[in-house]
Amino acid sequence: GESVGLHLPTLSVQEGDNSIINCAYSNSASDYFIWYKQESGKGPQFIIDIRSNMDKRQGQRVTVLLNKTVKHLSLQIAATQPGDSAVYFCAERDQGAQKLVFGQGTRLTINP
Amino acid sequence: DARVTQTPRHKVTEMGQEVTMRCQPILGHNTVFWYRQTMMQGLELLAYFRNRAPLDDSGMPKDRFSAEMPDATLATLKIQPSEPRDSAVYFCASGSRPGSGSYNEQFFGPGTRLTVL
């Protein structure tokens with residue numbers, strides 16, 4: 001069945017460094033992917049999305065890369081700040097469906 | 001500032017009691033989702049509605065859980081009777097249909113933290 005997973009459950013980086021969070025997915029019919037950020041005690045918050053007809057999309061300090069050949073998604077955060085500390089989830093959507101399937105999440109900790 | 005609201009934010013109850021969680025989606029959004037989050041299972045989709053009609057509730061235990069949308073401004077998730085294993089954070093999210101601007105972004109509420117003793 002569909003599944004979305006993460007390579008690393010935890011990641012610690014120094015403030016100012018770049019971070020990369022990885023995600024593997026198994027449903028080749030997925031056509032849309034989203035990264036969410038969840039801070040402690042809050043609901044997930046949309047960061048950036050990408051459609052399957054794209055390989056890369058950039059936002060403010062964030063870049064999402066999609067490799068459909070190996071079903072891999074990554075989130076790059078540039079010049080990390082203390083406020084980036086959170087759990088990051090990738091999610092995929094099956095083409096034609098509305099619901100998202102979420103991965104387990106990666107906890108990112110920014111060290112001062 | 002449009003946002004999804006959920007009440008209550010915290011609920012502690014005893015096993016066997018009925019629990020009702022409420023959600024007000026963002027005005028104009030026609031899709032509402034209910035998720036449950038636990039440490040063990042992560043974020044699980046319980047049910048979702050489009051234009052107030054249930055589209056998929058396969059993730060929801062039917063014997064004790066029920067989800068409804070009495071009107072476009074209110075979604076409810078009810079557990080009766082509640083059990084300790086229902087302890088989790090329950091999130092509501094709302095979204096708009098693809099092609100209507102925000103492709104498929106789901107906006108999450110702050111969640112209801114439920115503890116069943």
- Query: Out of curiosity, does Leu77(B) fall in the hydrophobic cluster containing Leu74(B) (side-chain heavy atoms, cut-off under 4.5 Å, transitive links)?
  - Reply: no
- Smallest heavy-atom separation, Gln38(A) atom then Phe91(B) atom, equals NE2-CZ, 3.3 Å
- Query: With hydrophobic residues grouped by side-chain heavy-atom distances under 4.5 Å, do Ile47(A) and Leu66(A) end up in a single group?
  - Reply: yes
- Any side-chain heavy-atom pair of Tyr36(A) and Phe108(B) under 4.5 Å: yes
- Message: Would you say Val62(A) ends up clustered with Leu65(A) if hydrophobic residues are merged whenever their side chains have heavy atoms under 4.5 Å apart, either directly or through other cluster members?
- Response: no
- Item | Path from Ile79(B) to Tyr48(B) over hydrophobic side-chain contacts below 4.5 Å | no
- Is it possible for you to say whether Phe107(B) and Met69(B) belong to one hydrophobic cluster, with membership spreading through side-chain heavy-atom contacts below 4.5 Å? no
- Considering non-hydrogen atoms only, spot the tightest contact between Phe89(A) and Gln37(B) and give its length. CZ-NE2, 3.4 Å
- Query: In terms of heavy-atom proximity below 4.5 Å to chain A, should Arg113(B) be classed as side chain, backbone, both, or neither?
  - Reply: neither
- Task: Decide yes or no for Tyr35(B) and Leu100(A): does some side-chain heavy atom of the first lie under 4.5 Å from some side-chain heavy atom of the second?
- Result: yes
- Query: Atom CD in Gln106(B), atom CD in Gln45(A): separation rounded to 0.5 Å?
  - Reply: 14.5 Å
